[in-house]
Visitor: 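The structure follows.
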Amino acid sequence: MNEQTAISGSLALNSAPHVIMIPASGPIRTRKLRVAAYARVSSNSEDQIHSFAAQNAYYTELITGNPEWEFVDVYADEGITGTSMKKRENFNKMIAACKRGKIDTILTKSLSRFARNTVDSLESIRRLKALGIECIFVNNSLKVLGESEFIVTIMAAIAQEESANLSKRVKFGKDITSRKGRVP
């Protein structure tokens with residue numbers, strides 16, 4: 001009897017089962033996920049300060065309320081633009097903690113809160129992905145560890161363009177105000 005006949009039909013019931021081993025895709029986690037959050041507001045206006053406080057409270061409660069997560073910290077930059085990494089002290093502290101292996105997952109409100117510069121966004125996300133760190137952008141329903149870089153690139157470009165347009169509108173408004181003889 002040939003091999004094909006032995007593993008099909010009624011004869012298959014009489015033979016030993018054929019077992020296929022599928023190895024785990026990664027290490028099995030035996031500890032809680034170490035989760036941090038990143039919050040940022042770009043100005044010190046009253047509504048932004050309220051948003052800043054709300055983001056900090058929301059992420060602290062969200063992380064501490066999940067029994068599978070260990071709260072690391074909420075890294076937050078207040079009154080700092082997202083267009084440059086240089087002045088974002090707490091963002092850079094968060095990245096350093098990731099490099100030291102202290103964080104497994106980062107939660108952020110949106111990609112535009114993470115960064116408003118496409119190159120910085122992609123470089124940071126690639127660096128974190130290489131470390132096995134998942135970034136979750138809550139408002140965008142986006143988990144970056146498994147997502148396509150194409151989607152992230154588009155969203156980062158939109159965030160960058162929004163920032164550029166806002167800057168243009170502010171400059172235009174100041175120019176109009178000064179032409180009318182009012183000091184901004």
Visitor: For the residue pair Gly65 and Pro67, what are the closest heavy atoms and their distance?
Guide: O-CD, 3.5 Å
Visitor: Look up atom CE in Met94 and atom CG in Leu128, then write down how far apart they are to the nearest 0.5 Å.
Guide: 6.5 Å
Visitor: Using the test ring pair (Phe, Tyr, Trp, His ring centres under 6.0 Å), find all partners of Tyr59 that sit at least two apart in sequence or belong to another chain.
Guide: none
Visitor: Quick one: CZ on Arg127 to CD1 on Ile95, what's the gap to the nearest 0.5 Å?
Guide: 6.0 Å
Visitor: Which pair of non-hydrogen atoms, one from Asp104 and one from Lys32, has the smallest distance, and what is that distance?
Guide: OD2-O, 4.1 Å
Visitor: Determine yes or no for a side-chain-to-main-chain donor-acceptor pair under 3.5 angstrom, with Asp77 supplying the side chain and Phe91 the backbone.
Guide: yes
Visitor: Please list, one pair per line, the donor and acceptor atoms closer than 3.5 Å that link side chains of residues 68-75 to other protein atoms, with sequence neighbours excluded.
Guide:
none

Visitor: Rounded to the nearest 0.5 Å, what separation is found between the CG atom of Leu33 and the OG1 atom of Thr105?
Guide: 4.5 Å
Visitor: For the pair Arg34 (side chain) and Gly101 (backbone), establish whether a donor and an acceptor sit closer than 3.5 Å, ignoring hydrogens and angles.
Guide: yes
Visitor: Quick one: are Arg40 and Gln55 in side-chain contact, heavy atoms under 4.5 Å?
Guide: no
Visitor: Which heavy atom in Asn56 sits nearest to a heavy atom in Thr60, and how many Å separate them?
Guide: O-OG1, 2.8 Å
Visitor: Can you tell me how far apart CD1 (Ile63) and CG (Leu107) are? Round to the nearest 0.5 Å.
Guide: 5.0 Å
Visitor: Report the residues that fulfil side-chain hydrogen bond (donor to acceptor under 3.5 Å, both in side chains) with Lys93, sequence neighbours left out, ordered by chain and then residue number.
Guide: Glu89
Visitor: Side chains of Ile106 and Ile133: closer than 4.5 Å at any heavy-atom pair?
Guide: yes
Visitor: Any side-chain donor-acceptor pair under 3.5 Å between Tyr38 and Asn90?
Guide: no
Visitor: Can you give me the closest heavy-atom contact between Val41 and Ser51, atom names plus distance?
Guide: CG1-OG, 4.1 Å
Visitor: Could you state the interatomic distance from SG (Cys98) to CG (Leu131), rounded to the nearest 0.5 Å?
Guide: 7.0 Å
